[in-house]
**Student:** 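Here it is: the structure, laid out below.
Lettering follows sequence order; numbering is per chain, from 1.
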Amino acid sequence: MPELPDVERYRRLLETGGMHRKIAKVSVINARILDSVAPKKFETALTGAALLETRRRGKHLLVRHDRGGWITMHFGMSGDLVLAATGEEPPPYTRIRFDFEGGGLLAYVSRRMLGRVGLTDDAEAFCRDRDLGIDALDPSLDRRTFIALVAGSRRGAKAALMDQGVIAGIGNIYSDEILFQTRLHPKARLEALDEVTLGRLYDAMRRVLEVAIERGAGSEEFLDRLPRGYLLPHRKKTGKCPRCGAPLATLKLGSRTSWFCPHCQPASRREN
DNA sequence: AGCGATGTTCGCCG
DNA sequence: TCGGCGAACATCGC
């Protein structure tokens, strides 16, 4: 489930339940999940360390510890982060387990093994190395900055929203919602959009991500909690547009399925 | 039984 | 150089 709103939930989970807690034991259950660090080294580096600070950049979660470095987490397509009580069975597909002193544990879960966990000394350098653009909810990303960033690009709107090097945090699911709210076709060329439209795209991006966080992105009841008029709950076969009732359409873009309403998000002649 | 899935990366092509 | 595509990664659920 991990796009920006989900990773933000993980971050808040840690902020509430994992800060200033000392790690008594680290268990790397599947070493392949580690990003260029040996399991032994990872375990040694963190055993006895206390967690001090959380940071999120796009879909990456960074956790600072008291030995002067950071734990880096990315969740791939099927990742999760869970706090459990000692004695409680950690979830299936837990790949790394951190047991806290005084009870409780943090489980890094990844079914498909597409996520990565690693260590870094420098959070900024880590993001730079990965060419991560500005976080989609960064306070300094105002409307004007956003427009300057995307205006004139020959790319399709969906491809641009999902490019982590431009704006970090938006994936396949949320780009569909943002485009639906803006009533833009997934293939709409950014260079063909005027500033007013790009402004609406920005507004939808911020609103959708904030609403998703606020309504508990990734939780069991999340889809039921979304405001009426959101695409996400209908993003499936037989799904109907919540605005006009038309059957939703799909499109393959770079091997990802894009869901949209062909009536509310019509293609201009150029995209056909 | 086969296909698709909330991500990233890399090589290829126009 | 840019932008898009498809495969690969690994695994499960419908």
Side-chain angles (χ1 to χ4, degrees), chain A residues 1-11 29-36 56-61 72-81 91-96 108-118 126-127 129-133 136 149-180 185-192 205 208-209 211-213 215-220 222-223 226 230-239 250-260 267 270-272:
Chain A
M1 34 179 102
E3 292 183 38
L4 185 154
D6 312 276
V7 179
E8 179 61 18
R9 182 166 56 83
Y10 307 152
R11 193 191 70 74
I29 296 160
N30 190 327
R32 260 182 314 181
I33 211 70
L34 290 177
D35 188 7
S36 8
R56 186 186 54 68
R57 173 82 161 261
K59 305 172 190 174
H60 289 267
L61 179 58
T72 66
M73 297 182 181
H74 188 272
F75 297 89
M77 282 225 272
S78 59
D80 202 0
L81 196 65
Y93 313 111
T94 293
R95 308 303 187 179
I96 301 181
Y108 172 89
V109 180
S110 184
R111 179 156 63 74
R112 290 174 63 191
M113 296 286 299
L114 293 175
R116 286 295 175 265
V117 176
F126 174 85
C127 296
D129 289 347
R130 277 157 191 74
D131 281 322
L132 291 178
L149 217 45
V150 302
S153 164
R154 287 177 312 195
R155 321 179 70 175
K158 171 131 171 158
L161 281 178
M162 287 178 63
D163 185 340
Q164 305 301 301
V166 180
I167 289 164
I170 300 163
N172 198 31
I173 294 276
Y174 286 98
S175 57
D176 277 356
E177 185 66 61
I178 292 163
L179 292 172
F180 175 72
H185 189 277
K187 284 187 174 178
R189 302 277 143 194
L190 290 177
E191 62 181 347
M205 176 184 81
V208 163
L209 296 174
V211 165
I213 291 167
R215 308 285 166 111
S219 68
E220 198 82 357
F222 173 56
L223 291 182
L226 283 174
Y230 267 60
L231 175 77
L232 257 50
H234 310 280
R235 200 179 171 282
K236 58 191 169 195
K237 278 196 180 69
T238 78
T250 62
L251 201 60
K252 282 286 183 189
L253 282 180
S255 80
R256 301 254 89 100
T257 304
S258 195
W259 291 80
F260 68 106
R270 299 197 48 219
E271 284 107 34
N272 277 326

**Student:** Sequence neighbours excluded, which residues qualify as salt bridge (charged side-chain N to carboxylate O under 4.0 Å, His left out) partners of A:Asp131?
**Tutor:** none
**Student:** In chain order, what residues pass the salt bridge (charged side-chain N to carboxylate O under 4.0 Å, His left out) check against A:Glu177, with sequence neighbours excluded?
**Tutor:** none
**Student:** List in chain and number order the residues that pass salt bridge (charged side-chain N to carboxylate O under 4.0 Å, His left out) with A:Arg155, two or more places apart in sequence or in another chain; answer none if no residue qualifies.
**Tutor:** A:Asp163
**Student:** Please step through side chain to side chain donor-acceptor pair (under 3.5 Å) for the pair A:Lys252 and A:Ser258, ending with a clear verdict.
**Tutor:** CA-CA 6 Å; A:Lys252 282 286 183 189; A:Ser258 195; over 6 Å; no
**Student:** Please state how far atom CG in A:Asp80 lies from atom P in B:dG7, giving the value in whole angstrom units.
**Tutor:** 15 Å
**Student:** May I ask you to say what A:Arg116 touches in the nucleic acid, namely base, sugar-phosphate or nothing, with a heavy-atom cut-off under 4.0 Å?
**Tutor:** nothing
**Student:** Please give the distance between the P atoms of B:dA5 and C:dG6 as a whole number of Å.
**Tutor:** 14 Å
**Student:** What's A:Phe75 touching, base or sugar-phosphate or nothing? Going by heavy atoms closer than 4.0 Å.
**Tutor:** nothing
**Student:** Could you work out, with ring-ring contact (aromatic ring centres under 6.0 Å, His included) as the rule, every residue matching A:Phe126, not counting sequence neighbours?
**Tutor:** A:His60
**Student:** List in chain and number order the residues that pass side-chain hydrogen bond (donor to acceptor under 3.5 Å, both in side chains) with A:Arg130, two or more places apart in sequence or in another chain; answer none if no residue qualifies.
**Tutor:** A:Asp35
**Student:** Can you tell me how far the CZ atom of A:Arg11 sits from the CG atom of A:Leu61, to the nearest 0.5 Å?
**Tutor:** 8.0 Å
**Student:** Starting at CD1 of A:Ile178 and ending at P of B:dT6, how long is that distance when rounded to a whole Å?
**Tutor:** 15 Å
**Student:** On a whole-Å scale, what distance lies between the P atoms belonging to B:dA1 and C:dA10?
**Tutor:** 23 Å
**Student:** Output yes when at least one side-chain N/O atom of A:Arg235 is less than 4.0 Å from OP1 or OP2 of B:dT6, else no.
**Tutor:** yes
**Student:** Classify A:Ser110 by what it touches in the nucleic acid, base, sugar-phosphate, or nothing, heavy-atom distance under 4.0 Å.
**Tutor:** nothing
**Student:** Write down the distance between OH (A:Tyr10) and P (B:dT6), rounded to a whole number of angstrom.
**Tutor:** 14 Å
**Student:** A:Phe260: what forms a ring-ring contact (aromatic ring centres under 6.0 Å, His included) with it, not counting sequence neighbours?
**Tutor:** A:His185
**Student:** B:dG7 C1' sits how many Å from A:Asp6 CG, rounded?
**Tutor:** 12 Å
**Student:** With the sugar-phosphate defined as primed atoms, P, OP1 and OP2, and the base as all remaining atoms, what B/S/- string results for nucleotides 9-14 of chain B, 5' to 3', for protein heavy atoms under 4.0 Å?
**Tutor:** ------
**Student:** Without decimals, in angstroms, what is the distance between A:Leu253 CG and B:dT6 P?
**Tutor:** 12 Å
**Student:** At under 4.0 Å, does any side-chain N or O of A:His74 touch on OP1 or OP2 of B:dG7?
**Tutor:** no
**Student:** In whole angstroms, how far is the C1' atom of B:dA5 from the CD1 atom of A:Ile173?
**Tutor:** 9 Å
**Student:** Reading DNA chain C 5' to 3', which nucleotide is the first, and which the last, to come under 4.0 Å of any heavy atom in chain A?
**Tutor:** C:dC2 to C:dC12
**Student:** Taking only residues two or more places apart in sequence or in another chain, which ones pass side-chain contact (heavy atoms from CB on, under 4.5 Å) with A:Tyr93?
**Tutor:** A:Arg95, A:Val109, A:Arg111
**Student:** To the nearest 0.5 Å, tell me how far A:Ser36 OG sits from A:Arg116 CZ.
**Tutor:** 9.5 Å
**Student:** Pick one: which of A:Ile173, A:Ile170, A:Leu231 meets side-chain contact (heavy atoms from CB on, under 4.5 Å) with A:Ile178?
**Tutor:** A:Ile170
**Student:** Which residues in residues 150-171 of chain A have a heavy atom closer than 4.0 Å to any atom of DNA chain B?
**Tutor:** A:Gln164, A:Gly171
**Student:** Under the salt bridge (charged side-chain N to carboxylate O under 4.0 Å, His left out) test, which residues partner A:Arg154, sequence neighbours left out?
**Tutor:** none
**Student:** According to the Watson-Crick and G-U wobble definition with distances under 3.5 Å, which dot-bracket string, read 5' to 3', encodes DNA chain B, using [ ] for crossing pairs and | for pairs with another strand?
**Tutor:** .||||.||||||||
**Student:** Is there side-chain contact between A:Leu114 and A:His74, with heavy atoms separated by less than 4.5 Å?
**Tutor:** no
**Student:** Between A:Glu3 and A:Tyr174 (side chain of the first, backbone of the second, donor and acceptor by atom type, cut-off under 3.5 Å), is there such a pair?
**Tutor:** yes
**Student:** Starting from P on B:dG7, measure out to CE on A:Met73 and report it in whole angstrom.
**Tutor:** 19 Å
**Student:** Check whether any side-chain nitrogen or oxygen of A:Lys59 sits under 4.0 Å from OP1 or OP2 of B:dT6, and answer yes or no.
**Tutor:** no
**Student:** Can you tell me how far CG of A:Asp6 sits from CG of A:Asp80, rounded to the nearest 0.5 angstrom?
**Tutor:** 8.5 Å
